[in-house]
Amino acid sequence: MSLREEFAKNIQDVLKNMSDPRPGLVTREFFDAEKLAITQFPALLVLSGDEERADYTMGVTRQGNIIYTIRGFVRGSEIDKLRNELVERIEETLDEDRTRGTLSKSMTTQITRVIVADRLAPLGEVAVTVQVRYKYTKGVN
């Protein structure tokens, strides 16, 4: 399995286990938020994105910077409050292990951007950009 896939799977797995607001759905497959049952909210969609790679040392070690997007969907009467709580819990959950399970000191995870999407009530949506920086040995991954 590629590192990109391992990191995406780790993000999905840790978000499935986050505490309140505990998500009713965490997936990497697209879905229509308007067709979800109330019990599936908040719902999270984890998507792999762009990656930049560069040499870190001559010829052997490389550095990667992958962008993941977590689209979060909430439903209720206090949409802004629900979105804010969801973003905070996503960040706190991902910060519990910024190495994405690798225990590598040459790796880090951080939220770099939050975008609020306009939706009609009672639905709310945010897009949380997560950046994973890591080093790897060329030819191994």
Side-chain angles (χ1 to χ4, degrees), residues 1-57 59-141:
M1 181 184 316
S2 73
L3 286 176
R4 286 176 57 89
E5 184 61 20
E6 284 182 38
F7 300 153
K9 181 82 172 103
N10 175 271
I11 290 169
Q12 179 185 15
D13 290 345
V14 298
L15 292 176
K16 281 182 179 180
N17 294 313
M18 78 180 197
S19 60
D20 291 335
R22 186 178 188 94
L25 174 67
V26 180
T27 185
R28 295 181 55 212
E29 301 296 326
F30 286 95
F31 57 85
D32 184 349
E34 294 180 13
K35 294 182 179 178
L36 294 179
I38 292 173
T39 56
Q40 291 179 293
F41 287 95
L44 302 175
L45 174 62
V46 178
L47 301 169
S48 301
D50 295 340
E51 179 177 5
E52 294 178 3
R53 293 184 176 187
D55 287 334
Y56 185 74
T57 61
V60 178
T61 305
R62 301 208 69 194
Q63 181 172 303
N65 184 21
I66 307 173
I67 302 298
Y68 295 93
T69 302
I70 301 167
R71 291 180 58 194
F73 300 88
V74 295
R75 183 181 175 124
S77 59
E78 297 178 320
I79 293 171
D80 193 44
K81 177 182 175 189
L82 294 171
R83 284 190 303 230
N84 291 339
E85 289 174 350
L86 183 61
V87 170
E88 182 177 357
R89 287 303 304 137
I90 289 170
E91 184 169 31
E92 289 172 354
T93 300
L94 293 178
D95 278 351
E96 288 176 11
D97 179 8
R98 295 179 75 173
T99 69
R100 306 283 40 97
T102 67
L103 302 177
S104 171
K105 293 182 193 252
S106 62
M107 176 171 193
T108 187
T109 303
Q110 68 181 34
I111 289 180
T112 59
R113 187 172 188 185
V114 175
I115 299 171
V116 175
D118 288 329
R119 283 214 172 243
L120 294 175
L123 291 180
E125 179 182 353
V126 292
V128 178
T129 302
V130 177
Q131 181 180 43
V132 176
R133 287 190 210 152
Y134 67 103
K135 292 184 182 124
Y136 64 98
T137 302
K138 187 174 175 181
V140 175
N141 300 309

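When reading the values below, keep in mind they use all heavy atoms of this one structure, side chains included, and skip hydrogens, waters and symmetry mates. Sequential numbering from 1 along the given sequence is applied to the chain's residues.
In terms of heavy-atom proximity, V126 sits nearest to R83 at CG1-CD, 3.5 Å. Shortest non-hydrogen contact noted between F41 and A33 is CZ-O, 3.4 Å. L15 and P23 make their closest contact through O-CG, 3.3 Å (heavy atoms, listed as atom of the first residue, atom of the second, distance). For the residue pair K135 and T61, the shortest heavy atom distance occurs at CB-CG2, 4.2 Å. Counting all heavy atoms, side chain and backbone alike, D13 lies closest to N17 at O-ND2, 3.2 Å. Scanning both residues, I11 and V132, for their nearest heavy atoms gives CD1-CG2, 4.5 Å.
Q40 places a side-chain N or O within donor-acceptor distance of the main-chain N or O of A37, the cut-off being under 3.5 Å. A donor-acceptor distance shorter than 3.5 angstrom exists from the side chain of R4 to the backbone of G49, with no hydrogens or angles considered. Between the side chain of R98 and the main chain of T109, a donor-acceptor pair closer than 3.5 Å is present. Here the side chain of R89 pairs no donor or acceptor atom with the backbone of R22 at under 3.5 angstrom.
Counting only heavy atoms from C-beta outward, the side chains of L123 and F73 never approach each other to under 4.5 Å. Considering only heavy atoms from C-beta on, Y134 comes within 4.5 Å of I66 through its side chain. In this structure, the side chains of E34 and R119 come closer than 4.5 Å at one or more pairs of heavy atoms. Within the 4.5 Å cutoff, the side chain of R28 has heavy atoms near those of the E5 side chain. By the 4.5 Å heavy-atom criterion applied to side chains, L44 and L86 are counted as neighbours. Side-chain contact check for R133 versus Q110: some heavy-atom pair is nearer than 4.5 Å. Side-chain contact between T69 and V130: absent, with no pair of heavy atoms (C-beta onward) separated by less than 4.5 Å. Contact check for R100 versus M107: side-chain heavy atoms found under the 4.5 Å cut-off.
How far CD1 of I111 is from OG1 of T129: 9.0 Å, rounded to the nearest 0.5 Å. To the nearest 0.5 Å, atom CG of residue N10 and atom CG of residue D97 are 6.5 Å apart.
For CG of D32, the number of neighbouring non-hydrogen atoms (other residues, nucleotides, ligands) closer than 6.0 Å is greater than 12.
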Step-by-step salt bridge (charged side-chain N to carboxylate O under 4.0 Å, His left out) determination, E6 to K9: CA-CA 5 Å; E6 284 182 38; K9 181 82 172 103; over 6 Å; no
V14/E96 under side chain to side chain contact (heavy atoms under 4.5 Å, CB included): CA gap, chis, key distance, verdict: CA-CA 9 Å; V14 298; E96 288 176 11; over 6 Å; no
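R71 pairs in a side chain to side chain contact (heavy atoms under 4.5 Å, CB included) with only one of the listed residues (L47, V128, I115), which is L47.
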